Every structure is written in structure tokens, then in C-alpha cells.
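Here is the structure we will look at, set down as C-alpha cells.
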Amino acid sequence: MNYNFREIEAKWQKYWAEKETFKSTNTSNKPKFYALSMFPYPSGAGLHVGHPLGYIAGDIYARFKRHKGFNVLHPMGYDSFGLPAEQYAIQTGQHPAITTETNINRYREQLDQLGFSFDWSREVRTSDPKYYKWTQWVFIQLFNSWYNKTSDKAEDIRTLISIFEKEGNGTIEASCDEDTPIFSAEDWMGFSEKTKQEILLKYRLTYLADTEVNWCPALGTVLANDEIVNGVSERGGHPVVRKKMTQWSMRITAYAQRLLDGLDTIDWPQPLKDSQTNWIGRSEGASVTFNVIPTEPSHSESHKIEVFTTRPDTIFGVSFMTLAPEHELVAKITTTGQKAEVGTYVEATAKRSERDRMADVKTISGVFTGAYAEHPFTKEPVPIWIGDYVLASYGTGAVMAVPCGDQRDYDFAKHYNIPIPNIFEGVDISEEAFADKANTIIANSDFLNRLSYKDAVSKAIAELEKLGQGEGKVNYRLRDAVFSRQRYWGEPFPVYYVDRMPQMIALEHLPLELPEVEKYLPTETGEPPLGNATDWAWDTEQSAVVSNQLINHTTVFPLELNTMPGWAGSSQYFNRYMDPHNDEAIYSEEAIGYWQDVDLYIGGSEHATGHLLYSRFWQKFLFDRGVAPKDEFARKLINQGMITGTSAFVYKDLDSKNIFSKGLKNGKNVIPIHADVSLVNASDELDIEGFKKWQPEYKDAEFILEDGKYIVGREIEKMSKSKYNVVNPDAICEEYGADSLRLYEMFLGPLEQSKPWNTAGITGVHSFLKKLWKLYTTVSDSEPNADNLKTLHKTIKKVEEDIENFSFNTSVSTFMICVNELTSQKCTSKSILAPLAILVSPYAPHIAEELWECLGHSESIANTPFPKFEEKYLVESTKEYPISFNGKLRFKLELPLDMGKDEIETVVMAHDKTKEQLQGREPKKVIVVPGKIVNIVG
RNA sequence: GCUCGAGUGGUGGAAUUGGUAGACACGUUGGACUUAAAAUCCAAUGGCCAUUGUGGCCGUGCGGGUUCAAGUCCCGCCUCGAGUACCA
């Protein structure tokens with residue numbers, strides 16, 4: 001009987017679904033194991049062979065843990081809000097929900113076909129109102145919380161209000177907006193309700209604030225940095241300006257230090273931790289206040305410029321200051337004489353996006369404001385400049401420029417002929433700045449003279465503190481996360497406005513569902529797409545959504561029209577799987593109390609500074625507020641590598657109708673054109689007729705062959721529809737089966753490494769499965785012999801180690817060796833073949849189930865205990881020790897395994913072969929390592 | 001520029017704490033079976049040299065070093081990849 005994988009796979013997929021084999025319970029006396037793979041965005045293109053890599057690895061591990069006696073949670077769902085469905089809606093008018101539903105069904109079909117052990121009863125979809133109700137709920141919790149720096153955690157906003165009532169905000173240590181004014185308890189009690197709300201907004205963990213964005217007036221929307229090319233929009237080429245807009249933000253900066261510290265407690269890949277560390281960008285230094293010298297009568301108001309520096313030791317080297325063009329003081333301190341010039345410069349830089357400015361590092365530009373600040377120690381006037389090398393978004397948007405110690409300041413000073421005082425002992429700064437902290441000795445700096453970097457820093461900070469003009473400070477690169485998007489297909493905010501102040505919709509009225517709109521584009525007046533809804537506003541008396549047209553009615557209030565960004569829905573889904581159908585709470589205490597956190601999370605490294613950072617932030621917040629028991633959501637994380645495509649190219653001659661084969665293109669004026677990989681065979685030979693049919697514009701082209709064949713060029717590229725290099729898993733399953741695909745994806749190389757797909761090699765694992773199948777065609781109750789047992793236990797040991805180390809590729813090799821050995825041993829013993837089926841089952845579950853049934857079992861193999869490794873079957877009476885002499889002559893000697901080191905040495909020296917090799921000479925040294933090699937040095 | 005990672009046959013990749021480098025697979029070549037093909041099975045396959053035969057030399061990006069012994073450890077380079085980028 002042949003290995004009929006199509007029949008077998010369909011049979012067991014049906015069996016698992018009907019018997020709910022992988023449904024997990026929230027109570028068990030088994031230990032728990034939560035294995036999670038990142039849920040996908042269901043795109044219209046469906047899955048290609050690269051997508052399942054991480055799912056297969058996660059599934060192998062989950063199935064392995066099940067065999068090991070764990071109660072395994074292995075869920076799957078869809079991150080189903082997102083841009084592509086919305087863009088499709090804009091183009092075609094088809095509702096994104098319909099597109100999404102279609103795509104999900106397609107995904108499900110493809111996933112089912114691969115035989116995953118997902119518990120589908122727990123499926124979540126971020127675009128499902130039942131799910132996003134709880135995304136909205138988390139938002140409300142964030143709104144109702146503030147960050148207490150003293151207790152170092154998020155607390156209920158009411159505790160803040162009661163502090164305000166008792167002592168104002170002068171004593172409180174909290175994460176809040178920079179511009180928060182100081183007030184007393186009396187002040188607070190005297191504030192109007194609106195003022196109180198405005199102040200609280202500066203403390204809430206999600207807040208409304210004016211944020212600089214890339215605004216495209218023609219498109220009526222905010223664009224992300226990567227949607228802008230050369231200062232105009234990627235779509236349509238419309239101008240883009242930097243603009244302040246009122247947006248929701250998340251106060252993730254409150255968690256900067258804890259997000260950094262938490263990295264030490266989790267088993268995540270080092271590169272990923274590094275990129276989060278980088279992203280958070282902690283730097284230690286000082287904040288220094290410079291007083292602006294009033295120069296004109298109109299500048300009667302006194303101004304202070306606060307800067308952040310990591311080099312307070314160089315403060316005597318300051319010869320100018322630079323403000324970012326967007327700095328709020330620019331308009332206030334510029335002298336009348338410089339107004340025109342400054343105005344022109346600020347306008348010019350506003351037209352360039354921040355990314356654009358950053359990309360253009362070489363051009364030095366700036367302008368003098370005409371104003372001066374007073375040096376805190378020397379009291380000398382320091383000219384204040386504006387320069388676009390200073391970024392508004394980092395630090396305070398202003399720097400004290402020390403040209404002798406910082407290359408950018410140095411270049412700026414050289415360019416504008418600003419003096420470059422040298423404050424370093426024995427250093428030449430005529431060519432470039434000196435930034436070597438380790439070899440710094442300060443000079444020309446009053447009380448800092450002769451001090452090292454470290455001593456000078458602490459001395460400078462101490463002196464600044466005495467003056468009240470500075471203090472030691474830790475600065476983070478991390479910015480608060482803008483949470484508003486002018487999109488349709490996202491979670492609506494559970495927010496309405498009374499007197500322009502945001503109010504949260506009560507839990508019993510959630511979810512606030514997305515309204516129907518006719519157009520998915522922004523409104524003519526520049527409001528987000530939700531502004532097109534005619535049937536969507538909150539009526540507090542009726543507690544219902546009513547027509548938008550009633551907005552001016554006294555009891556009806558406008559709703560927030562922005563939607564949440566893509567990462568909102570994915571920031572808590574891993575916990576929701578624990579109790580996905582709960583309508584009363586985000587999840588029950590019992591459920592999260594049992595499952596706690598994710599034990600193994602598998603997904604791509606591209607989420608390092610997005611999803612994986614935001615999720616850690618939300619988790620820490622939910623932990624602070626007592627909603628989650630752990631402050632890190634995933635203890636171990638694995639990044640699977642990307643499977644890239646192998647694109648094929650034909651070479652079209654620009655001057656004729658000729659298309660040259662790869663070997664003939666050199667010296668010709670050709671352009672490469674993508675050819676669909678399905679038209680090319682394993683030897684890179686093109687199906688020319690197929691190509692002409694596929695691209696009719698080349699039907700009259702002349703294909704110039706080499707050796708009678710057209711050979712394509714190959715190149716490794718990201719797998720994508722537009723590169724015609726997509727390999728579809730459905731086709732592979734049809735030809736070789738899901739088990740072959742699963743094994744092959746693992747066999748391709750180390751899980752965490754990127755590697756190109758090459759279908760040709762799949763025959764190797766497929767023929768392994770056929771051999772495996774054949775091994776079970778003759779099964780007997782005969783006793784296994786020593787060789788059989790050795791082979792089996794060798795395999796158990798290796799496979800178990802491999803799975804624990806995520807070296808899935810080498811265990812596929814181990815299986816192949818095992819089957820080859822058992823075949824040549826003519827092993828038929830059931831007591832060998834039964835455990836072998838279990839070993840294989842995490843990798844190739846369908847065939848394993850079938851073999852298990854052939855062996856006479858009626859229950860699924862999925863819950864059978866993993867075979868136990870026993871050392872004794874590997875132990876032999878003698879072991880071969882290779883012996884090398886002078887590193888050149890070698891022979892093998894069989895010695896008892898338990899022989900001691902000295903004993904081995906004696907035996908080796910007495911051995912005829914040794915004597916022969918030594919030819920009467922005395923060895924200088926005999927090195928014996930039991931179980932390893934014996935070296936005799938002559 | 002900075003940070004991290006990686007360089008091993010024609011290809012993907014193996015190789016515990018330093019201990020017979022190239023497992024396993026693809027590909028290639030030869031053979032068996034077949035009218036033929038497919039499928040299957042067997043053999044060879046890092047390079048060079050020698051050969052009637054056992055064999056010898058060189059080999060893990062490059063140059064040094066430590067060691068009886070280095071793909072693995074140390075120092076100095078080169079190349080490629082990923083991330084990040086005027087971070088004060």
C-alpha cells in the first residue's frame with residue numbers, strides 16, 4: 001500500500017476538527033503551557049510558503065509540550081483592522097468588513113490544510129466589536145490613570161485628584177506634559193471644571209495634545225514618514241507640510257525605564273532587545289538653563305532656554321546655542337533686525353519633513369536670531385542660533401553648542417565663523433572636534449580645570465544646582481506614541497466631547513461600533529472618514545448612537561472621529577485568548593490566574609519597536625492596575641527568519657525584439673524582466689511558450705537560446721506578487737502533502753535565519769515520509785534487538801534536545817538517519833515503531849496519526865506521552881577510541897567504556913600498533929581524554 | 001557613522017565543554033530495473049597528487065597568536081547581511 005498523503009491528511013484534519021482534539025480548558029491539574037504565534041493580518045494575497053514557517057515551529061513545540069504532559073494553549077486569530085482593506089474599499093466601494101471576511105476564510109482554509117493544532121474555539125479578530133470592546137476598555141483605563149513616579153506605577157486618576165485637593169501639584173512626582181503649571185490646593189479648588197479637566201489631561205496615560213504631524217492638505221490626511229517622498233506625498237505627489245494637530249497620544253515615556261529594566265527578565269533574542277534598548281535610547285547627562293538676555297524693549301518678558309547635554313563637563317566650551325526651527329522661543333526672542341531672515345528659514349524648514357531633513361546630513365544651514373543668552377558661570381553673552389541639525393523631537397529641542405567637543409557643533413561653527421574655544425588639555429582641535437571622553441582633561445574652565453570627564457561632569461552638575469540653573473537628568477529618545485489615525489478601518493475611540501473636553505463612554509454602552517459610511521475618504525472639510533457617518537453621535541439621554549445631524553442638540557455630543565492605530569488591537573490579544581468570549585470583563589481572574597503569561601511567542605523581528613514594545617507597555621500598565629498578574633507578557637520569544645523568494649529574470653534587448661538567455665546577455669544592452677517562477681523548471685530553464693502566453697506583449701519576441709535552452713537569471717528577493725516569485729503552499733500540499741511541507745520548511749535551515757525558498761529540495765523529505773510509511777507496512781510483535789533500541793533511543797535523545805533548542809532542522813536529519821537505520825536493520829518491532837510515530841508526530845502529525853492507528857490505537861496520537869529516553873540502550877561494552885600519533889598517523893582501538901584514564905594510557909602504550917608507530921622511540925607525552933581521542937606525541 | 005549578526009563543498013546546511021570538518025538533504029555522475037519514461041534501489045561525489053594496493057598533501061573569508069589539538073579561543077583586518085541614524 002502506498003503513502004496516500006491526500007487521503008490521510010484530509011482524514012485527520014476532519015478528525016481533529018470533529019473531536020476538538022486541541023481544545024484546551026482553563027482548569028487542569030497538568031502544568032500549563034502557552035505557545036503563541038503572532039496572528040496575521042489577513043491580506044488578499046493569501047498565504048505564501050514563507051508565512052507558515054513560524055506557525056509550523058510553534059505548532060511543533062506546542063504538540064511536543066502536549067506529548068510531554070502539559071495543558072497547552074495554542075490559539076490563533078486575525079489582526080483584521082488595517083490599511084489594505086480600507087484602500088480596497090476606497091477604490092472599489094466594497095466594505096472593508098466584506099473584504100476582511102473573504103480574506104479570513106481563505107486564510108483559514110490554508111491554515112487548516114497545514115494541520116495546525118490550533119484551538120479555534122478561542123479565535124479572536126481585532127475588527128470584531130466583541131473583541132474591540134475590550135481594546136476600547138483598555139483605552140478608558142489608560143485615560144483614567146496617571147503615572148506616580150514615587151510608587152513607580154500607574155494609579156487611578158482619582159488618587160491624583162485627591163492629592164491636588166490636599167496639596168496641589170507642587171510636591172507630586174508624576175509623568176506629565178512639560179508645560180504643566182504649578183498650582184496649590186487652593187488654586188485647584190478654585191479652578192473651573194473645564195480647567196481641572198484640562199490639567200488632568202496633562203497627567204492621564206492617554207491624552208489629547210497638539211502633535212507635529214506630516215499633513216497633506218490635498219489628501220486631507222496625516223501621512224506617515226514613509227508615505228512621503230521628496231517632500232511630496234507618495235500618492236499623487238501633493239505637497240506635505242509639518243503641522244500641529246490635536247491627536248490622542250499614549251504616555252509610553254512614563255514606562256521608559258521599566259521597559260528597559262524588564263528586558264533583563266525575559267528570554268528574548270539579544271538583537272531584538274538591543275533594538276528596543278536603542279529605541280528607548282536612555283542617555284545620562286544634565287539639563288541646563290540659560291537665561292536669555294533681553295535686548296529690545298519688546299522683549300520685556302524674561303525667557304529661559306533649557307537644554308539637555310550629556311557633556312556638562314564641557315560647559316565652558318559653549319560658544320553659541322542652537323534652537324530647532326520649531327522651538328517655541330524662536331518667535332519670541334528673534335530681534336527685529338533678524339525677523340525677516342529667521343521667518344524665511346523657519347518657513348523653508350517646515351516644508352521639509354523631519355525624515356527629509358535627517359537624510360540630508362551634509363548641508364549645514366542655520367540663521368542667527370540676533371539674541372544672546374547668558375552663560376551660567378562666565379555670564380558672557382552666548383549668541384543664539386537656529387539650525388535644522390537640532391531636532392525639535394529630541395531633548396528640549398535646543399542645544400548648548402560646544403564646537404570643540406562635538407563634531408556637528410564644530411561644523412556649524414566653522415561654517416558660520418563662530419569662535420571655537422578649546423577647553424581640552426593637550427588636544428589639537430584645528431581640524432576636528434575632540435569627543436573622546438576617556439582621554440578628556442578639562443582646561444580653561446575655571447573650577448573644572450584638570451578634571452577628568454567623570455569628575456568634571458559631577459562637579460559641573462553640582463555647581464549648576466547651586467545656581468539653580470541645572471541638574472543631573474536622564475533623557476530618553478522614546479517619544480509618546482501618537483494614537484490617532486484619520487482612517488476608517490480601525491477601532492473607534494470610546495470618546496465623546498462635551499464643551500470640547502473628551503469624555504469616556506461608559507462600559508455598559510461599549511462597544512462603540514464603527515458606523516457605516518458612504519465614502520472611506522476624509523470629508524471635504526478635512527475631517528477623518530468617520531465624519532462621513534450620518535448616523536453616529538452619542539445621545540446621553542437615550543444612551544444610544546443617533547444621527548450625526550443632531551450634533552447641536554443639547555443632549556447630543558460629537559464623537560471622536562479618529563480611529564486607533566494598527567497596534568491597538570494587537571497590544572492585548574495574547575491575554576484575551578485566555579478567555580475570549582467573556583462579555584463581562586476583558587478576561588476573568590481565574591483565566592489569567594491560570595494561564596499567567598505566554599511561555600513561548602514566535603513571530604517576526606520586524607515588530608521589535610512596534611507591536612512588541614507597545615504590548616510590553618500595555619502589559620505593564622495592566623499589571624500596575626491589577627488586571628494582569630505578570631508585568632511581562634511573554635517570557636520567551638523566538639524570531640523566525642524570513643523565507644525569501646528566488647526570482648527569475650529574462651533579459652530583453654533594448655534595441656531589438658531579442659530576449660537573451662542568461663549566458664548570452666553580457667555585453668548586450670539588456671534590461672532584466674521578472675518571469676513567473678512557475679514557468680521555470682528546477683534547472684532554470686524557461687517554458688518559452690508559457691511565458692509568451694503569460695505576457696502577450698512579448699509574443700513576437702525572439703528568444704535567443706544557449707544549448708537549445710532558455711536559461712533564466714536568478715536573484716533572491718522578498719517574496720511578493722509583484723516580483724512573480726511567490727510559491728503557494730496549496731500547490732505544494734497538493735503535490736507532496738502538508739507533512740512534507742512542514743518537514744521541508746523546518747529542514748530548510750535554522751529557524752531564526754532568513755533563507756531562500758527552493759522547491760526542488762522537497763523531494764528529500766517527501767521520500768523520507770515514503771520510507772517511513774514503508775517501515776510500518778510490516779509490523780510485528782517481535783522483541784527489538786540491541787541495534788533497534790540503540791537507534792530509537794539515540795533518536796529520542798536528539799529530537800528532544802533539538803526541540804528544546806529550536807533546532808528543528810537537525811531533527812529532520814535525525815529522523816532520516818533513524819528510518820534508514822531501522823530499514824537496514826529490517827526492524828518490524830512494534831515496541832520500536834510505536835514510540836517512533838510519537839517522535840515524528842509534532843513534525844508530521846497526519847502520517848503519525850495514521851501510523852498510530854495502523855498500530856492498533858483508537859485514540860489520537862496527540863495526547864500520548866513522549867517516549868522516555870534511557871541511557872542504558874546507548875551504552876556498549878567497548879567503545880572505539882580513535883588514536884592519533886603526531887597528529888598524522890591514526891588508528892582505532894576498541895577499549896572498554898568504563899576504563900580509567902591511566903589504564904587507557906597503559907593499554908595504548910602496550911598496543912602493537914603504538915609500538916610500531918613509535919619504532920622504539922619514547923613518546924614525549926600521551927594525552928588521554930576518556931571517550932575522546934588519544935594523542936601520542938612523539 | 002553607530003549597534004548587532006554572519007562568512008564551512010556546486011547548493012541548503014551539520015559539527016556538545018576546543019577533540020577524526022563537511023552529518024543529513026539537494027544537485028551532479030555512473031549503474032540496476034524498464035521497450036521507454038516516471039518511480040524505486042545501489043555506488044561515487046571538498047580540492048590536488050599517487051595508484052596494482054594500503055595512501056599522501058592542502059583545506060572552514062584573510063593575516064598572526066595560544067594549544068598535543070582551533071570552524072570553535074585571543075589579536076588585527078576584509079567582505080556580506082540586518083537594524084538604526086544630525087539623539088546633543
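Chain A is the first sequence line, chain B the second, and so forth, proteins listed ahead of strands; every chain is numbered from 1. Here the structure is a predicted model, which is why all the values come from computation and not from measurement.
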Nucleotide paired to B:U54 in any strand shown, Watson-Crick or G-U, under 3.5 Å: none
Nucleotide paired to B:A70 in any strand shown, Watson-Crick or G-U, under 3.5 Å: none
Determine the interatomic distance between C1' on B:C68 and the same-named atom on B:G63; round to the nearest Å. 24 Å
Give none if B:C26 has no partner; otherwise give the nucleotide forming a Watson-Crick or G-U wobble pair with it, both distances under 3.5 Å. B:G10
Go ahead and name the base partner of B:G59; Watson-Crick or wobble counts if both distances stay under 3.5 Å, otherwise write none. none
Heavy-atom nearest nucleotide on RNA chain B for A:Val399 versus A:Asp274: which residue maps closer to 5'? A:Asp274
Looking only at the aromatic ring of each residue, does the gap between the centers of A:Phe412 and A:Phe320 stay below 6.0 angstrom? yes
Of A:Thr810 and A:Tyr744, the one whose closest nucleotide on RNA chain B sits nearer the 5' end is A:Thr810
Nearest-Å distance, CD (A:Gln276) to P (B:U3)? 20 Å
Looking at B:A14, I'd like to know if its phosphate oxygens (OP1 or OP2) sit under 4.0 Å from a side-chain N or O belonging to A:Asn809. yes
Integer-rounded Å distance: B:G27 C1' and A:Ile762 CD1: 16 Å
Anti versus syn assignment for B:G9, with syn defined as within 90° of 0: syn
Proximity to the side chain of A:Ser767 - top-ranked nucleotide from B:U40, B:A23, B:A88: B:U40
Tell me: CG of A:Leu769 to P of B:C24, nearest whole Å? 18 Å
Looking at B:G83, B:U40, B:C26, which one has an atom nearest to any side-chain atom of A:Ser275? B:G83
Across every strand shown, the nucleotide meeting Watson-Crick or G-U wobble geometry with B:U16 (both distances under 3.5 Å) is none
Consider the side chain of A:Met816, meaning its heavy atoms from C-beta on, and name the nucleotide among B:C4, B:C87, B:C24 that approaches it most closely. B:C24
With rounding to the closest Å, how many angstrom separate the C1' atoms on B:A14 and B:A21? 10 Å
In whole Å, what is the span from the CD atom of A:Gln753 to the C1' atom of B:A14? 12 Å
Given the P atoms of B:U16 and B:U34, what is the spacing between them in whole Å? 46 Å
Among the nucleotides B:U3, B:A88, B:A23, whichever has the atom closest to the side chain of A:Ser283 is B:A88
Distance check needed: B:U40 C1' versus A:Asn2 CG, whole Å only. 11 Å
Side-chain contact test, heavy atoms from C-beta onward, threshold under 4.5 Å: evaluate it for A:Ile803 versus A:Phe808 and give yes or no. yes
Which of these nucleotides, B:A85, B:C24, B:G13, is closest to any side-chain atom of A:Trp279? B:A85
When the distance from CZ of A:Phe747 to P of B:G27 is rounded to whole Å, what number comes out? 12 Å
So, A:Tyr744 versus A:His766, ring centres under 6.0 angstrom or not? no
Among A:Val390, A:Ile384, A:Thr396, exactly one meets side chain to side chain contact (heavy atoms under 4.5 Å, CB included) together with A:Leu323. Which residue is that? A:Ile384
Mind calculating the distance between CG (A:Leu391) and P (B:U84) to the nearest angstrom? 16 Å
Whole-Å distance separating the CH2 atom of A:Trp268 from the C1' atom of B:C4: 18 Å
Output the single nucleotide from B:G13, B:A39, B:A88 whose closest atom is nearest the side chain of A:Lys770. B:A39
